[in-house]
Number of protein chains: 4
Amino acid sequence: MATPHARRGDTRRRIQDVALELFAEQGYEKTSLREIAEHLDVTKAALYYHFRTKEDILNSIVEDLASPVDELIAWATEQPRTLETKCEVLRRYADALWSAGPLFRFIQENQATVRDLSIGETFKTKLLAVHSLLKDPDAPLTDQVRSITAVFAMHAGMFAMQNLEGDPEDKRAAVLEVAQELIAQTYRGQTDTP
Amino acid sequence: MATPHARRGDTRRRIQDVALELFAEQGYEKTSLREIAEHLDVTKAALYYHFRTKEDILNSIVEDLASPVDELIAWATEQPRTLETKCEVLRRYADALWSAGPLFRFIQENQATVRDLSIGETFKTKLLAVHSLLKDPDAPLTDQVRSITAVFAMHAGMFAMQNLEGDPEDKRAAVLEVAQELIAQTYRGQTDTP
Amino acid sequence: MATPHARRGDTRRRIQDVALELFAEQGYEKTSLREIAEHLDVTKAALYYHFRTKEDILNSIVEDLASPVDELIAWATEQPRTLETKCEVLRRYADALWSAGPLFRFIQENQATVRDLSIGETFKTKLLAVHSLLKDPDAPLTDQVRSITAVFAMHAGMFAMQNLEGDPEDKRAAVLEVAQELIAQTYRGQTDTP
Amino acid sequence: MATPHARRGDTRRRIQDVALELFAEQGYEKTSLREIAEHLDVTKAALYYHFRTKEDILNSIVEDLASPVDELIAWATEQPRTLETKCEVLRRYADALWSAGPLFRFIQENQATVRDLSIGETFKTKLLAVHSLLKDPDAPLTDQVRSITAVFAMHAGMFAMQNLEGDPEDKRAAVLEVAQELIAQTYRGQTDTP
DNA sequence: TATGAATGAGAATTCATTCAT
DNA sequence: CATGAATGAATTCTCATTCAT
């Protein structure tokens with residue numbers, strides 16, 4: 001198992017790994033297949049043995065990494081739409097985001113590109129789904145904004161907080177706290193204004 | 001054929017306008033100089049008469065449009081760092097963002113690209129400056145996150161809210177309100193926990 | 001149509017051959033990659049499969065053709081610095097020059113260009129090395145000039161003599177004779193003026 | 001006369017000066033009209049007011065600087081073809097070469113380019129003319145080579161000797177001496193071997 | 001499971017040149 | 001005596017993709 005050069009059949013995964021790393025680091029357009037191939041010490045043609053197109057590499061990465069979000073959505077759909085559920089949604093969303101960090105960072109930083117790739121639609125849908133788990137369709141506009149902001153706070157949290165000093169785990173907790181607070185705010189009004 | 005080339009002297013501006021439009025719409029890399037030229041019915045070489053490089057076109061746009069942010073920073077630096085000042089900073093920042101909407105949308109959606117363009121550094125600096133107008137250096141981590149989130153809420157507000165129905169002006173006001181609320185939260189603790 | 005692309009593996013060499021031919025005939029700058037490609041009936045991109053840049057094509061040619069000069073230098077370094085050795089150096093240098101005729105003609109006629117190509121430094125070094133095999137560091141100025149002239153006579157001999165009628169082999173012999181004579185002159189003074 | 005900005009009508013000459021300087025320094029093709037214009041702080045179009053084409057600039061320089069060679073040829077044609085005359089031809093040729101140093105250096109280093117410029121023919125003709133002042137049409141091949149070498153020694157002397165230490169005037173004298181010696185050699189045989 | 005060799009389309013950029021003003 | 005604005009043709013180079021082996 002721990003053979004010297006265990007790369008045996010794992011080439012597909014290695015391509016995905018290197019590709020994601022480079023996509024996240026340099027952007028999708030600026031990462032060429034030549035570059036990916038060189039990092040792996042194979043030829044470009046080898047990439048085409050495993051994937052049909054450049055976009056396909058990206059798609060396959062998404063397929064492998066984005067399932068936690070789907071599971072989250074599936075789970076939440078069956079829960080009562082309470083504040084507590086929403087807080088749990090955020091907690092789990094944070095997990096999903098952090099566990100596939102590079103992928104989401106990539107999407108965050110390559111929106112213009114992603115938009116007309118097939119994953120663009122995919123993600124827009126998921127994002128809207130997560131958002132509708134948090135929002136109340138006929139809540140006032142300000143509350144809608146609060147729930148969107150809660151989601152975006154978490155996305156932004158992934159890269160914008162890097163400039164902030166402090167333990168990563170603490171920062172992550174803080175981001176989650178602020179996001180949950182925003183959702184909580186949404187409920188305050190309900191009791192106040194009967 | 002009406003007027004052979006009656007556009008006198010405004011070509012430079014027209015290039016900037018078209019370029020920004022296309023950059024915002026399709027992304028920087030996917031917008032070729034050929035495309036820009038065709039939209040203006042001039043040759044690529046004409047672009048090079050007015051600008052030294054593709055990047056230069058973008059730089060010139062930033063120079064022309066980003067001054068409101070600089071003015072805001074200059075103004076705020078001379079104000080007392082009170083809650084009221086901060087709310088006013090956010091209000092003015094909203095103005096700056098909205099008045100150069102396409103530019104900021106472009107930056108938001110092309111982060112990976114912008115990062116290694118000369119405007120990358122420019123903007124990172126400005127963003128940090130705005131942030132430090134809002135934050136208290138030795139505030140608890142959660143408050144730091146709140147102030148960052150306030151800024152990002154406004155950025156996100158520019159494009160993410162498009163999916164939300166409602167009058168644009170109302171949405172803008174709502175975004176500002178939520179952002180200011182986040183900053184206000186920052187002050188609540190201070191009086192509560194002496 | 002006879003053989004679709006029966007040329008197997010020799011494309012690299014064919015590129016070098018055609019390139020050198022055209023470089024020598026028209027100059028480096030005036031020879032475009034399009035032209036080289038067309039002569040070979042391949043696309044420009046094919047050239048880039050085999051070489052990284054235009055300059056690289058030239059470099060590779062030099063690497064393949066200039067070794068005789070290196071060998072000459074290596075050999076001469078281990079010989080006693082006598083008149084006879086020097087005459088042999090010239091003889092061998094003539095061989096090297098003639099065997100890679102087009103390359104040296106190219107360098108001779110494109111000095112301004114070659115100067116800021118990577119081969120510029122390479123050749124300057126080799127030329128100085130050959131020269132220092134012939135000269136005596138503390139010989140009088142006139143002798144230094146004689147030895148330089150001997151070298152240049154041979155270079156010039158390659159293209160300037162084309163206007164002269166006569167059998168090429170005879171001309172070559174004559175050039176070598178004159179060059180050796182110049183070196184011999186260098187020794188005459190030594191015995192005369194003690 | 002010594003007015004602050006005496007450039008009044010001397011623009012033409014200034015263009016020639018700058019152009020020659022850049023041509024000699026960087027080569028003809030690598031020197032663009034933009035560059036020349038920038039060095040003079042005028043627009044490219046201004047160059048076209050004074051000259052019809054890029055090549056024309058070069059032609060005009062040659063016309064202005066090459067006359068000494070013509071005079072030399074005219075003078076020599078009327079002298080007896082003796083050794084002394086030939087030595088004097090070389091002396092005067094040295095003068096001509098040195099007085100228009102940059103031009104000849106340019107030609108020397110841009111032969112491939114010059115060849116298909118109109119000055120190519122011009123110079124080839126002049127060079128052959130000078131050569132035929134020195135050679136005896138039915139001299140043995142070796143003597144023909146000697147006389148060509150004498151001429152080339154002087155050309156080479158202009159740039160190749162720069163690596164040699166020593167006073168420029170001394171070097172020039174040495175080059176001339178070697179060249180004259182080569183011509184003298186031509187005569188030795190005649191008297192020696194009757 | 002790969003590679004070697006190639007392609008076609010397109011990118012950014014540079015250049016000499018033109019011409020109305 | 002010169003400029004501002006533009007053009008057309010070319011150049012080097014890069015990329016995703018293909019396919020026989």
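Per chain, numbering begins at 1; letters A, B, ... match sequence-line order.
The two residues D:Thr43 and D:Ala37 come nearest to each other via the heavy atoms C-CB, 3.8 Å. Between A:His50 and A:Arg12, the closest heavy-atom pair is O-NH1, 3.5 Å. Across all non-hydrogen atoms, the minimal contact from C:Ile61 to C:Gln16 is CD1-O, 3.5 Å.
Taking the nucleotide of DNA chain E with the nearest heavy atom to each of C:Tyr49 and C:Lys44, the more 5' of the two is matched to C:Tyr49. Both C:Glu55 and A:Thr31 lie close to DNA chain F; mapped to their nearest nucleotides by heavy-atom distance, the more 5′-ward contact belongs to C:Glu55. The 5' end of DNA chain F is approached more closely, in terms of each residue's nearest nucleotide, by D:Thr43 than by the other of D:Thr43 and C:Lys30.
What separates OH of D:Tyr48 from C1' of F:dA5 is a distance of 15 Å, to the nearest Å. In this structure, D:Asp56 atom CG and E:dA16 atom C1' are separated by 13 Å, rounded to whole Å. In this structure, the CD atom of C:Glu38 is 12 Å from the P atom of F:dT12, given to the nearest Å. In this structure, C:Glu29 places its CD atom 20 Å from P of E:dT13, rounding to the nearest Å. The interatomic distance linking A:Glu35 (CD) with F:dA16 (C1') rounds to 14 Å, in whole Å. Put simply, CG on D:Leu40 is 14 Å from C1' on F:dC1, counting in whole angstrom units. For B:Arg12 and F:dA6, the CZ to P distance is 12 Å, given to the nearest whole Å. Whole-Å rounding puts the C:Leu47 CG to E:dG8 P distance at 14 Å.
OP1 or OP2 of E:dG4 has not a single side-chain nitrogen or oxygen of C:His50 nearer than 4.0 Å. Residue D:Thr11 has no polar side-chain atom (N or O) positioned under 4.0 Å from OP1 or OP2 of F:dC1. Applying the 4.0 Å criterion to OP1 and OP2 of E:dT14, one finds that D:Arg34 has every side-chain N and O outside that range.
Side-chain proximity of A:Lys54 to F:dT7, E:dA12, F:dT17: nearest is F:dT17. Distance from the side chain of A:Ala45 is smallest for E:dT3 among the nucleotides E:dC15, E:dT17, E:dT3. Minimum atom distance to the side chain of C:Leu33 is reached by F:dC13, of the listed F:dC13, F:dA2, E:dA12.
Pairing partner, F:dT21: E:dA2, with both Watson-Crick or wobble hydrogen-bond distances short of 3.5 Å. Across every strand in view, F:dT14 sits in a pair with E:dA9 that passes the Watson-Crick or G-U test at under 3.5 angstrom.
Formation of a donor-acceptor pair under 3.5 Å by the B:Glu109 side chain with backbone atoms of B:Phe106 is not found in this model.
Geometrically, B:Lys54 does not engage B:Phe23 in a cation-pi contact defined by less than 6.0 Å to the ring centre and at most 45° from the axis.
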